[in-house]
There are 2 protein chains.
Amino acid sequence: MVYRPGRVLSNRAAVIGMNRPTMEDVAERAKVSRALVSLVMNDSPQVSDEKRSSVLQAARELGYRPNLIARILAQQRTHTIGVLVDDLRNPFFGEVVDGIEAEAADHGFRVLILNGHRDARREAEAVETFLQLRVEGMALVGARLDDSDTARVGLAAPCVMVASGAVHSGVDTVGTDDRRGAELAVEHLAALGHTRIVHLDGGANVSAGERRSGYESGMQSAGLGDLVDIRPAGDDEADALGVIDDLLADDDPPTALFAFNDLLAAGALNRLADAGMAVPGDVSLVGFDNTFISALRHLSLTTVNQPTLAMGRLVVSTLLQRLSDGPSEPIRHTLQPELVVRSTTGPPRGGAILSQARPTPR
Amino acid sequence: MVYRPGRVLSNRAAVIGMNRPTMEDVAERAKVSRALVSLVMNDSPQVSDEKRSSVLQAARELGYRPNLIARILAQQRTHTIGVLVDDLRNPFFGEVVDGIEAEAADHGFRVLILNGHRDARREAEAVETFLQLRVEGMALVGARLDDSDTARVGLAAPCVMVASGAVHSGVDTVGTDDRRGAELAVEHLAALGHTRIVHLDGGANVSAGERRSGYESGMQSAGLGDLVDIRPAGDDEADALGVIDDLLADDDPPTALFAFNDLLAAGALNRLADAGMAVPGDVSLVGFDNTFISALRHLSLTTVNQPTLAMGRLVVSTLLQRLSDGPSEPIRHTLQPELVVRSTTGPPRGGAILSQARPTPR
DNA sequence: TTGTAAGCGTTATCAT
DNA sequence: ATGATAACGCTTACAA
């Protein structure tokens with residue numbers, strides 16, 4: 001038997017309870033070698049039933065629990081993918097993560113989640129943590145990292161940006177065609193007869209740029225030149241909502257609002273209600289994401305759908321492909337958005353188009 | 001210098017990219033010992049500036065990144081707390097996690113998040129993963145583990161149940177007085193003159209039991225005996241919402257609904273709108289949690305507030321206390337809920353109380 | 001201040 | 001089928 005010096009029960013270990021029974025302890029109790037215990041734990045077929053059961057019994061008696069950390073170090077595989085979520089409070093991201101976890105589970109991968117708190121610095125830290133933990137791949141869901149950051153990350157580990165909006169160099173991407181989604185929203189409003197359409201900008205959100213340019217091109221192809229983009233000064237796009245009051249007080253106020261996402265649209269709905277404006281009577285409103293919020297009857301928000309679950313699953317399959325294929329040209333998956341018309345959009349007052357039947361007038 | 005056999009670049013390691021530069025590589029390049037590199041990496045004050053900078057340079061040149069897995073194994077400390085979240089799509093949990101992360105960061109702890117998917121089996125697996133990863137403590141946010149499970153977990157690692165509703169043996173708990181919260185809701189409705197108050201039950205949610213009994217005791221002390229508790233058959237409490245239609249078709253229909261949480265209340269609001277019922281004209285409605293959903297003007301849901309951020313921070317400080325004090329009697333922190341009256345509650349039609357001014361009549 | 005070497009708890013290779 | 005033993009990449013006494 002191997003010489004094994006007495007276990008050092010430093011007060012550290014004693015305090016934090018990491019001094020749990022090890023394979024060595026189990027081996028000793030079952031009177032077998034450590035290697036055999038390992039085989040049993042990984043239920044190898046080549047152990048005798050007799051030894052197997054005595055090992056299992058010893059393990060049970062000791063309350064043995066394998067140490068994943070040690071196993072990972074020895075195995076040189078974590079079987080883990082890291083998911084960085086920009087904002088845990090936004091249900092949209094939660095839905096994407098659900099898709100990621102479903103697909104990961106199907107392929108025997110663990111998913112570790114870190115919260116980015118809508119802050120580039122903290123997201124960079126989270127990525128670093130994932131890298132140091134040696135995750136086999138990472139999904140950055142809505143992360144606000146700049147191009148040079150992502151390129152560096154992409155070099156260090158397989159990495160797919162989700163809901164990234166713009167194309168990032170050096171990493172794979174899975175996302176909705178945000179530009180097209182924004183165009184859909186604007187086209188819808190233009191078709192209803194709106195001409196003064198204001199964009200409530202997503203500010204520092206990753207997809208904000210693409211949606212903004214979709215707004216611009218949508219306006220352009222509708223022959224509308226009067227672009228108004230409301231952008232927040234700080235990091236919280238809701239800060240800019242106050243501007244709505246000013247806009248509405250204008251001589252020639254906008255008749256429609258296109259918000260960066262459903263959360264922002266809901267905030268806008270609040271402001272409009274406070275200002276006594278009818279929606280869609282006085283102002284039409286379109287959101288983005290089609291989260292459950294937009295489906296609430298009392299909001300019944302017209303919005304742009306993103307196939308969140310499909311995106312999540314696609315993230316993992318992309319990651320796995322990259323894992324097996326090695327480095328190559330970035331993979332780009334762009335899913336198509338869909339306009340979901342609900343009750344917050346209608347023709348403008350005195351607009352060119354006749355009013356149309358609508359579900360639940362509010 | 002230590003004899004070091006050639007690095008084994010198994011194809012595994014080659015594929016997953018775990019064959020990154022190690023301390024040994026850095027040491028070799030900087031012509032120092034591995035131990036010194038370690039000292040530099042943990043910026044120990046006792047290294048000469050000269051060595052320090054040459055080590056740092058070597059590290060930079062090689063693109064060295066410390067291996068957290070190895071460090072943890074050697075150090076016997078993970079500096080990590082595991083957070084199990086029952087449902088990432090429920091904003092309430094996201095808010096609690098924000099509090100947890102804030103306090104954890106203040107104390108130099110990493111936070112790892114695992115998603116429970118509203119499923120007891122998956123939550124048990126997640127806990128097992130945390131245990132195998134040797135987290136120093138865990139927070140179970142809304143986890144639906146039964147008493148024997150939690151007791152076992154509590155034995156294995158410091159563990160605090162959050163938003164647990166009932167008292168679980170063997171683990172510390174941080175939560176709101178759910179029972180009292182439910183009573184507040186019922187008292188409010190009773191004071192408005194409602195007598196037929198129905199409870200939309202939370203089913204398998206952890207706090208459901210406490211809120212149910214709060215509903216019962218609230219009804220009792222208001223002298224109301226006609227308890228109606230709508231409980232779902234499956235795991236999705238929203239399934240039971242259909243019953244609302246039947247209830248309203250009753251001879252003597254309920255005039256008020258108390259929902260398990262804001263999400264469920266929002267669902268109920270949908271059903272009521274579909275059925276053409278006015279809120280609070282025909283039916284009053286109270287939710288629970290005071291998530292941002294209830295604050296949306298178009299819902300403007302009367303609800304019961306939980307101090308989520310404070311709860312989150314308290315979770316971590318409780319964990320740290322347990323970490324330093326070792327085993328002892330379970331710690332119980334119960335925060336007080338508060339009724340937030342908005343626009344979904346009012347006197348019943350023909351009720352005893354005069355109608356009162358309300359913000360935004362809907 | 002720096003180096004040596006013994007762990008940490010596994011897996012995996014090679015004997016037997 | 002089972003056992004020895006060398007990794008895995010780091011930390012940390014202890015020595016120099």
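Per chain, numbering begins at 1; letters A, B, ... match sequence-line order.
At a threshold of 4.0 angstrom between heavy atoms, the contacts of B/Ser38 include nucleobase atoms, whether or not backbone atoms are also involved.
Of the candidates D/dT2, C/dA5, C/dT2, the closest approach to any side-chain atom of B/Ala35 belongs to C/dA5. The side chain of A/Asn67 lies closest to C/dT10, out of D/dA1, D/dG3, C/dT10. If you check C/dG3, C/dA12, D/dC10 against the side chain of B/Arg71, the one that comes closest is D/dC10. Picking from D/dA1, C/dG3, D/dG9 the nucleotide with the shortest atom distance to the side chain of A/Gln46 gives D/dA1. Closest to the side chain of B/Ala74, out of D/dG9, D/dA1, C/dT4, is D/dG9. With distances taken from any side-chain atom of B/Ser48 to the nucleotides C/dG9, C/dT1, C/dA12, the minimum falls on C/dT1.
Applying the side-chain contact (heavy atoms from CB on, under 4.5 Å) criterion to B/Ala70, with sequence neighbours excluded, gives A/Leu73, B/Asn67. Legend: residues meeting salt bridge (charged side-chain N to carboxylate O under 4.0 Å, His left out) with A/Asp87, ordered by chain and number and at least two apart, are absent. When the side-chain contact (heavy atoms from CB on, under 4.5 Å) test is applied to B/Ala204, the partners found at least two apart in sequence or on another chain are B/Arg144. Residues forming a side chain to side chain donor-acceptor pair (under 3.5 Å) with A/Arg52 (at least two apart in sequence, or on another chain): none. Not counting sequence neighbours, the partners of A/Arg152 by the salt bridge (charged side-chain N to carboxylate O under 4.0 Å, His left out) test are A/Asp149.
Checking the phosphate oxygens (OP1, OP2) of C/dG9, a side-chain nitrogen or oxygen of B/Gln76 falls inside 4.0 Å. Residue A/Asn42 places at least one side-chain N or O closer than 4.0 Å to OP1 or OP2 of C/dT11. In this model, the phosphate group of D/dG9 is not approached by any side-chain N or O of B/Thr22 to a distance below 4.0 Å at OP1 or OP2.
Computed from C1' positions of five pairs at each end, the angle between the two local axes of the helix from C/dT1-D/dA16 to C/dT16-D/dA1 equals 40°, rounded to 10 degrees.
On a pure distance criterion of 3.5 Å, no polar donor-acceptor pair joins the side chain of B/Arg34 and the base of C/dT4.
Rounded to an integer number of Å, the gap from B/Met23 CE to C/dT4 P is 16 Å.
Toward the 5′ end of DNA chain C lies the nearest nucleotide of B/Arg52, the other residue of the pair B/Ala70 and B/Arg52 mapping further downstream.
Of all the heavy atoms in A/Ala163 and A/Val206, the pair that sits closest is O-CG2, 3.2 Å.
Here the side chains of B/Glu136 and B/Leu319 are not in contact, with every heavy-atom distance at 4.5 Å or above.
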